[in-house]
Amino acid sequence: MRIHDFMSCLTQNNIDFFTGVPDSQLKELCDFLMKQYDEASGQHIIAHNEGGCVGLAAGSYLSTGSVPCVYMQNSGIGNAINPIASLTSPDVYGIPMLFVIGWRGEPGTKDEPQHVYQGKVTLKLLKDMDITPFVIGRDTETTEVEEAMQRFQTLFAQGKSAAFVIEKGAFPAEEGYRYRNVYSLKREEAIEAIVASTTGDIIVSTTGKISRELFEIRERRGEGHGCDFLTVGSMGHSAMIALGVALQKPKRRVWCIDGDGAVLMHMGALSTIGARHPHNLNHVVLNNEAHETVGGMPTSAGISELEGIAASAGYRYVQTVESIESLQAELSAMQAIEGPGFLQVKVALGSRDDLGRPTTSTHDNKREFMDFLKEPD
């Protein structure tokens with residue numbers, strides 16, 4: 001069904017507040033919301049993580065009595081479970097919501113390894129949380145969605161929630177929303193500079209295109225992948241993985257290559273790192289002010305001063321760069337500092353059209369990385 005028809009069905013049922021975390025499978029929905037609602041309207045808010053979206057939606061419902069809509073990739077269900085179970089549940093406050101969930105890793109479809117298990121348990125998780133799902137696929141008719149919405153209205157009146165689970169290709173592609181920023185330094189160029197400056201060091205990279213580009217850079221350079229842990233899932237947790245490694249390997253330099261969306265998703269990690277003050281950890285955030293891997297919707301990192309937040313959290317060395325020359329100079333300087341160090345790199349949106357994905361398995365990555373960590377300090 002067309003995204004316009006889907007959204008008409010929602011708004012005709014008095015759902016007019018939307019909050020979420022972007023998903024590539026929901027690109028048409030995300031683009032529609034960006035076109036339809038300007039920032040001043042307050043009707044659409046991209047939040048830091050899915051649990052925060054549930055809290056935000058709860059506040060909207062308490063203020064208006066209107067059922068809100070929360071959208072996310074199914075990988076975000078984990079972030080949302082706590083407020084669903086302890087806040088919105090009919091056994092607690094009974095705050096109804098409509099969830100729109102992109103179904104990555106749907107059984108029977110090919111997907112990336114981080115989505116396989118989540119895809120298997122998506123519907124079960126929803127049912128376990130007393131959220132009634134309705135799956136929208138390529139052949140779903142608008143009338144079927146309208147009928148599902150009528151059934152959902154009965155649930156909403158009981159303080160229960162429901163979910164539309166969106167299969168791949170359920171919303172036909174339409175002309176997209178154009179996302180842009182003002183920076184010129186390419187992310188892949190920045191990662192290549194990091195690789196060139198960190199020979200022999202340990203790297204933990206975040207999910208999405210950052211890990212994909214890191215893998216291909218190693219391939220081009222004819223290098224192995226053992227020193228890199230590619231966090232292909234677990235968005236927002238790479239910094240804590242890096243901290244765990246740095247604390248256990250205090251004689252070795254550890255670099256976390258992170259993204260702005262990932263940092264925002266679990267920003268408390270900055271405080272934990274600052275409090276533990278690992279002298280050997282450098283945190284590099286490639287900030288394009290967007291959730292680029294899943295379509296390009298903006299993050300709040302264009303407004304938030306991440307370097308100021310890091311300094312306040314206790315990072316000993318904090319800098320921001322926008323050019324390759326400044327980046328190379330800072331990378332050299334950070335080899336000698338007493339950490340933790342924080343380097344924000346402002347980068348452009350976009351990647352190569354032929355960017356691939358890691359050709360080794362996650363289990364191979366884990367094994368090679370652990371072998372690399374066993375090498376003498």
Kindly state each residue pair satisfying salt bridge (charged side-chain N to carboxylate O under 4.0 Å, His left out) with at least one member in residues 288-301, sequence neighbours excluded.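 As it turns out, the salt bridge (charged side-chain N to carboxylate O under 4.0 Å, His left out) pairs with a partner in residues 288-301, which skip direct neighbours, are R187-E292, K209-E292, E289-K346.
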So, N74 and E106: side-chain donor and acceptor under 3.5 Å apart, yes or no?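 Not at all, the side chains of N74 and E106 share no donor-acceptor pair under 3.5 Å.
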Quick one: do the Y179 and H291 side chains pair a donor with an acceptor below 3.5 Å?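 No, H291 and Y179 have no side-chain donor paired with an acceptor closer than 3.5 Å.
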Least distance between heavy atoms, A80 atom then V54 atom: CB-CG2, 4.0 Å
Closer than 3.5 angstrom, by distance alone: can the side chain of [X] be matched with the main-chain N or O of [Y] as a donor-acceptor pair?
X	Y	result
N49	G51	yes
R252	L373	yes
E174	F32	no

Thinking salt bridges, do E188 and R220 make one under a 4.0 Å N-O criterion? yes
Would you call the rings of H283 and F342 parallel, tilted or perpendicular if under 30° counts as parallel and over 60° as perpendicular?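 Perpendicular, since the angle between the ring planes exceeds 60°.
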According to side chain to side chain donor-acceptor pair (under 3.5 Å), who are the partners of S211, at least two apart in sequence or on a separate chain? S205
Hphob cluster co-occupancy, [X] + [Y], side-chain heavy atoms under 4.5 angstrom:
X	Y	result
F6	V135	no
F164	M1	yes
M240	V232	no

Please test F215 against T359 for side-chain contact (heavy atoms from CB on, under 4.5 Å), starting from the C-alpha separation and ending with a verdict. CA-CA 9 Å; F215 184 90; T359 55; 3.4 Å; yes
I need the single residue from E189, E213, E216 that forms a salt bridge (Lys or Arg N to Asp or Glu O under 4.0 Å) with R352. Which is it?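 In the set E189, E213, E216, the residue that makes a salt bridge (Lys or Arg N to Asp or Glu O under 4.0 Å) with R352 is E216.
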For Q248, is the CD atom crowded, meaning more than 12 foreign heavy atoms sit under 6.0 Å from it?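 Atom CD in Q248 is not packed in, count stays at 12 or less.
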